Amino acid sequence: MRPDEHVVEGVVLEVREEGPHRVGVVSVRGAQIKVWLDLIEDVAPGDRILFHGKIGLARLEPKQERKA
Amino acid sequence: MKFVDEYRNPRMARKLVAYIRQRSSRPWSIMEICGGQTHTLIRYGIDELLEGAVELIHGPGCPVCVTPLEKIDRALAIASRENVIFTTFGDMMRVPGSRGDLLSAKARGADVRMVYSPLDALNLARSHPEKEVVFFAVGFETTAPANAMAVWMAAQEGITNFSVLVSHVLVPPAIRALMDDPETEIRGFIAPGHVCTVMGYVEYEALAREYDVPFVVAGFEPLDLLQGIAMLVDLLEEGKAEVQNQYTRSVCREGNPHARALMEKVFAVTDMTWRGIGTIPASGLKLRPEFEAFDAEKRFAVSDLSTRESPVCIAGAILQGKKKPPDCPAFARECTPENPLGAPMVSSEGACAAYYAFRRFREART
């Protein structure tokens with residue numbers, strides 16, 4: 001992960017509670033990064049997520065409509 | 001690699017290119033908003049593959065590039081203070097201000113540190129209570145949730161030596177400004193996938209109706225963009241001004257409601273100056289009054305800021321899609337990533353940096 005890489009994709013390895021926060025360990029190209037998961041619902045180990053600045057933004061592959 | 005290999009399949013790419021070329025009855029001018037998308041288009045030569053069918057206009061979606069010069073000079077002034085640890089993402093380090101950049105300030109002795117997250121900056125504030133820790137909060141809607149989270153956590157924990165220098169910008173008002181230009185040639189937009197991951201695309205539906213232009217939300221891999229362009233060409237050929245979503249694996253219509261709620265709690269919309277473009281009404285974010293204690297602009301009074309842009313750089317015209325980097329007389333000559341005259345040559349999302357990295361030798365031959 002480069003410091004100027006804005007949004008990063010990774011695989012959640014572990015989810016745990018840390019005080020009031022839900023955090024995860026996320027694997028990105030072999031590196032393990034702590035990511036705050038408070039803003040994503042129902043994240044579990046094995047999920048792929050997008051995150052920015054160590055904050056999870058989306059769980060990938062939601063079932064969404066193609067057309068607005 | 002999942003979500004990478006399947007979006008870089010050459011056979012599929014050739015099929016999509018053939019489809020777009022066959023479907024276009026005229027050369028359509030379309031803008032990709034996001035600098036990350038610009039880099040993919042240039043890196044893989046997608047603009048060249050579609051020449052004659054689609055003219056790709058590069059948009060202003062590089063947050064570092066549009067951060068106003070005044071804000072960078074202010075950052076340099078704050079970073080130079082004795083008791084300050086100034087933190088920022090890597091690509092802000094070399095963006096030129098009027099008199100130097102943050103990296104040169106660091107070389108002169110300022111405590112400037114590159115971080116991966118505003119939460120890293122907050123950690124520094126926790127571990128250095130004797131210092132003032134400032135984070136340069138720059139970016140579009142994608143970066144705002146992390147910055148809002150840092151401010152929110154600092155408030156919850158009562159951390160008083162942490163503040164943010166906010167320079168947040170919003171995409172939809174910039175599209176409005178581009179479309180209000182009577183000389184615009186843009187007929188459709190590739191909307192930014194990561195911004196829409198956070199914000200959804202409801203706002204773009206209103207823009208599509210207002211300006212009678214179609215939008216397709218797209219991702220960042222070559223096949224994402226080719227499929228997005230194919231969908232956009234379909235809409236243009238059918239005369240439909242609507243919004244479609246190619247990036248369904250990440251984006252839903254309403255975006256991320258938790259991220260939006262946090263942004264709403266911490267930030268309020270404000271007018272914002274865009275470097276090279278000017279002031280766009282309601283196009284930025286500022287801290288709400290209840291979080292003003294974390295506003296670095298209020299905490300550190302800086303006077304006598306007189307900004308000075310390079311007289312040669314045409315970054316403004318490039319950010320508005322009116323010119324391309326090779327049109328600049330300084331491109332790859334006086335202006336290089338090692339010696340940038342403007343922000344688009346520095347940032348990993350800047351159009352000039354993309355052309356320099358992937359196209360400069362070809363441009364030099366022609």
Side-chain angles (χ1 to χ4, degrees), chain A, chain B residues 1-4 35-36 63-64 88-93 114-120 139-140 142-150 153 156 193-194 197-198 201-202 204-205 208 215 217 220 231 242-253 255-262 347-349:
Chain A
M1 188 169 108
R2 306 190 319 263
D4 58 353
E5 200 167 6
H6 289 186
V7 177
V8 183
E9 237 175 81
V11 180
V12 177
L13 301 178
E14 176 192 330
V15 179
R16 63 173 186 266
E17 303 296 321
E18 207 173 271
H21 301 287
R22 197 159 31 99
V23 300
V25 176
V26 177
S27 169
V28 180
R29 299 194 285 271
Q32 294 192 3
I33 297 157
K34 180 178 173 181
V35 175
W36 275 255
L37 300 172
D38 298 310
L39 302 181
I40 324 178
E41 287 175 3
D42 303 327
V43 185
D47 286 345
R48 293 192 76 88
I49 65 165
L50 281 184
F51 65 95
H52 165 76
K54 299 187 181 176
I55 304 288
L57 295 177
R59 187 159 52 84
L60 293 178
E61 273 192 319
K63 288 188 173 60
Q64 292 299 330
E65 78 281 28
R66 175 179 157 141
K67 197 168 178 178
Chain B
M1 191 190 298
K2 188 163 169 60
F3 290 124
V4 175
V64 167
T88 177
F89 289 134
D91 51 2
M92 280 309 294
M93 295 286 274
M114 193 162 62
V115 292
Y116 288 95
S117 165
L119 301 182
D120 294 340
F140 282 90
T142 318
T143 61
N147 294 332
M149 177 76 94
M153 285 167 74
Q156 293 298 301
H194 290 150
T197 296
V198 175
Y201 49 84
V202 175
Y204 297 83
E205 292 170 350
F215 289 79
V217 182
F220 296 81
M231 291 162 71
E242 58 183 56
V243 181
Q244 291 188 354
N245 180 17
Q246 180 277 332
Y247 200 31
T248 53
R249 65 188 184 278
S250 178
V251 174
C252 64
R253 184 172 180 267
N256 179 331
H258 302 292
R260 291 172 58 192
L262 182 63
S347 171
S348 59
E349 296 191 302

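In this text the structure is predicted, and so the values were computed from the model without any measurement. Below, read A as the first sequence line, B as the second, and so on, with proteins coming before strands; counting in each chain starts at 1.
The heavy-atom pair separating Ser117(B) from Gly53(A) by the smallest distance is OG-O, 2.5 Å.
Leu119(B) contributes atom CG, which lies 4.0 Å from atom CD1 of Ile55(A) (distance to the nearest 0.5 angstrom).
When each of Thr143(B), Thr197(B), Val198(B) is scored by its heavy-atom pairs under 4.5 Å with chain A, the top score falls to Thr143(B).
Taking the six-membered ring where the residue is Trp, the centroids of His52(A) and Phe140(B) are separated by 6.0 Å or more.
Interface remark: Phe220(B) contributes no atoms to any contact with chain A (heavy atom separation under 4.5 Å). With a threshold of 4.5 angstrom between heavy atoms, Leu50(A) approaches chain B through side-chain atoms but not through N, CA, C or O. Within the 4.5 angstrom heavy-atom criterion, no atom of Pro257(B) approaches chain A. Of the two parts of Leu39(A), the backbone and the side chain both hold a non-hydrogen atom closer than 4.5 Å to a non-hydrogen atom of chain B. Using a 4.5 Å cut-off between heavy atoms, Asp120(B) contacts chain A through its side chain alone, with no backbone atom that close. For Met153(B), the part sitting under 4.5 Å from any heavy atom of chain A is the side chain, from C-beta outward, and nothing else.
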